[in-house]
Amino acid sequence: MEVKEAIEKRNSIRAYEDKPVPEDKLMRVLEAARLAPSGHNSQARKFVVVRDDERRQALGRATGGQYHVHTAPVIIAAVAMKPEELMPCGIPTSPVDLAISLDHMTLAAVEEGLGTCWIGAFSQEEVKRILQVPEELSVINLLTLGFPAEAGRPKNRKRLEDIICYETYK
Ligand SMILES: Cc1cc2nc3c(=O)[nH]c(=O)nc-3n(C[C@H](O)[C@H](O)[C@H](O)COP(=O)(O)O)c2cc1C
């Protein structure tokens, strides 16, 4: 699949088939995260793959009961191992690094016929407790993964001319 096609086809999927994700598909999705770039190539990231039913239900509750989190067969938590680190530009490195990995996974998932949804609405404290993530680390986002049980929607985006300017900020 062309990258362009994967980008165009990716949608947030909020309904999943009650069907496990085959191991080879999951591994190809995770491999996309492994290959993603990171600042200084520090790779200070860990991905907790959750398939256990009870733990998924607990994560669902930690997201305020988002239905698709309860029903997705796989939930991946993206953990920053150096959450305090800043880039010279003053911006935290870890949300950028982890977002790239997550986005790589969302696109790899499309190629595997799988759907994903980023989950940023969750209790940091609760998710860390459920996944036994050490206190000093941060969970940047969760990602649901599974076979889609809904069709993609047309993208609702601003026009290119509304988000691009040339030479100086306008
Ligand atoms: C950082 C981030 C956090 C998000 N958190 C949630 C979430 O908690 N629950 C949810 O259903 N969707 C969540 N989304 C999905 C967005 O709502 C979705 O990407 C956006 O509406 C555009 O739709 P699309 O992904 O189908 O193109 C999140 C997306 C991003 C990038």
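These figures come from a predicted structure and were not determined experimentally. First listed ligand is number 1; within each ligand, the first listed atom is number 1. Side chains included, hydrogens not; waters and symmetry mates left out as well; all remaining heavy atoms used.
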Hydrophobic cluster membership, Leu114 vs Leu107, 4.5 Å side-chain cutoff: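 No.
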Asp52 and Arg56: CA distance, side-chain angles, deciding distance, salt bridge (Lys or Arg N to Asp or Glu O under 4.0 Å) verdict: CA-CA 6 Å; Asp52 175 76; Arg56 287 188 295 110; over 6 Å; no
Note, Phe122 side chain near Ile130 side chain (heavy atom, < 4.5 Å):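 Not touching, per the 4.5 Å side-chain cut-off.
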Side chain to side chain, Leu30 and Val49, heavy atoms closer than 4.5 Å: yes
Just to confirm my output: which protein heavy-atom neighbour is closest to [atom], and how far is it?
| atom | result |
| --- | --- |
| atom 5 (N) of ligand 1 | Gly120 N, 2.9 Å |
| atom 29 (C) of ligand 1 | Trp118 CB, 3.5 Å |
| atom 26 (O) of ligand 1 | Ser12 N, 2.8 Å |
| atom 16 (C) of ligand 1 | Arg14 NH2, 3.7 Å |
| atom 9 (N) of ligand 1 | Gln66 OE1, 2.7 Å |
| atom 22 (C) of ligand 1 | Arg157 NH1, 3.7 Å |

Glu23: partners by side-chain hydrogen bond (donor to acceptor under 3.5 Å, both in side chains), with sequence neighbours left out: Arg51
I need the atoms of ligand 1 closer than 4.0 Å to a non-hydrogen atom of [X], numbered in the order shown.
| X | value |
| --- | --- |
| Ile119 | 5 (N), 6 (C), 7 (C), 8 (O), 9 (N) |
| His68 | 10 (C), 11 (O) |
| Cys117 | 10 (C), 11 (O), 12 (N) |
| Ala121 | 8 (O) |
| Arg153 | 26 (O) |
| Asn11 | 26 (O) |
| Asn141 | 1 (C), 2 (C), 3 (C) |

N/O donor-acceptor pair under 3.5 Å between Tyr169 side chain and Tyr166 backbone: no
Chi angles and distances behind the side-chain contact (heavy atoms from CB on, under 4.5 Å) call for Arg45, Val79: CA-CA 6 Å; Arg45 58 196 174 201; Val79 180; over 6 Å; no
Salt bridge (Lys or Arg N to Asp or Glu O under 4.0 Å) between Arg14 and Glu150, intermediate numbers included: CA-CA 8 Å; Arg14 297 187 179 89; Glu150 64 172 346; 5.7 Å; no
Under-4.0 Å protein heavy-atom contact, atom 20 (C) of ligand 1: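 No; the ligand atom in question lacks any protein heavy-atom contact below 4.0 Å.
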Lys/Arg N to Asp/Glu carboxylate O, Glu125 vs Arg129, below 4.0 Å: no
